[in-house]
Amino acid sequence: MAAEKILSGEDNNGQKTNQSFRNEVKHMLNGFQRVGLIFAAAFLACIVLYHAAFSLQIFSGGFSFSPVKPSQYSYSSSVTLGEIRKLENVLLKASMPEKTVILTTLNEAWAAPNSVFDLFLESFRIGNETLKLLDHLVVITMDEKAYNRCMALHPHCYSLTTNDIDFSSEAGFKTPVYLKMMWRRIEFLGTIIDLGYNFIFTDTDIMWFRNPFPRFHTKADFQIACDFYRGNPSDIKSNLPNGGFTYVKSNKQTSKFYKFWYKSREKYPGLHDQDVLNKIKHDPYIRKIGLSIKFLDTAYFGGFCEPSKDMNRVCTMHANCCVGLSNKVYDLNIILGDWQNYLSVRNDTRKLLNSSPWNVPNHCK
Ligand SMILES: *[C@@H]1O[C@H](CO)[C@@H](O)[C@H](O)[C@H]1NC(C)=O
Ligand SMILES: *[C@@H]1O[C@H](CO)[C@@H](O)[C@H](O)[C@H]1NC(C)=O
């Protein structure tokens, strides 16, 4: 940048001496009009602020492997420096000591009273030792109403700018708006990785009943829940992943992987992130970057497709395999009731309950 060269006293060949540079600056300054001086000062101040913002980001410990510079920032050009700062502030407040956050995305339809978001929060309250996890939950809102509702109920809300796309209504599965929303999510999660944060991403229609951390694999970069789990956590071929629940470490492998995943949408137009993941999970590039993937057992991370069969082990239940918001809400209410029934029985009897006690899917059939 020309301004940087002026500041460092170099011309294009980098050969100018400091003395002749100073003379030149003196000469230039003498020649400036008052207005010109103010303009120049403002311009230089901007450059200084710009650099300060990046050093601040590094000092705030935002990066565990490599700082993000605008030139390396391979996601949406719409993400401004100011937004990254705002995001980092929210993450910092919500983070666990080892830089891990829980993330979910929310739009107006799901944020409405007595809809999915209320049930989601309720599950943390009635789950076993899950209440404290709410301190680490960052809600990424996709529209203004969702943001306002989030702010009324929860301390950590971040409003994601979405340019001109309206994500507020109940987006039908695989409609163009739905697809854009899903890809925006992948792009955004890639940004979180590049900011140095590990995360659990959870859909809001997943009920949390137990702390999932003890159930994660210790040596994996990317862990993902399944619609259908076939018994082997490393079986890339037959497990059917569901992108609604992932646990991702922030490292070089996952940073490259999310960029690859996001980029692959161009190769498979019309497919959503989960379908594209099923396409690219075999790609030699994954092995090349050394990404380790594990699939999570539905015994712990269940859903309507394949409910957890054991109430004594279940951590989460997802309203997957379900079309229609009102059906989802209906069955999620049943699930919360089932959990409360389970808690209310005597704990010696509880140990004997190991067949599926869920009364779902009901409306979600
Ligand atoms: C809840 O968590 C505590 C502590 O981990 C455990 O002792 C207890 O058995 C749990 N209760 C249920 C219902 O899982
Ligand atoms: C049942 O729970 C009570 C209190 O919650 C506890 O004191 C008791 O040891 C538990 N019994 C069994 C068999 O876990």
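Just so we're clear, the structure is a prediction, and the values are computed from it rather than from any experiment. Both ligands and their constituent atoms are indexed starting at 1 by order of listing. Any value given below was found using the heavy atoms of this structure, including those in side chains, with hydrogens, waters and symmetry copies removed. Starting from 1, each residue takes its place in the sequence as its number.
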> Can you list the ligand 1 atoms lying under 4.0 Å from a non-hydrogen atom of Arg210?
Replying inline: 12 (C), 13 (C), 14 (O)
> Looking only at heavy atoms, which two atoms of Asn278 and Pro241 are closest? And how far apart?
Replying inline: OD1-CD, 3.3 Å
> For Asn128 and ligand 1, does the shortest N/O to N/O distance drop below 3.5 Å?
Replying inline: yes
>> Any side-chain to backbone donor/acceptor pair from Asn107 onto Trp110? Under 3.5 Å, distance only.
In response: yes
> Can you list the atoms of ligand 1 that are under 4.0 Å from a heavy atom of Glu129?
Replying inline: 2 (O), 4 (C), 5 (O)
> Can you say whether the rings of Tyr158 and Phe188 are parallel (under 30°), tilted (30 to 60°) or perpendicular (over 60°)?
Replying inline: parallel
> Mind checking whether Phe245 and Phe301 have parallel, tilted or perpendicular rings, split at 30° and 60°?
Replying inline: tilted
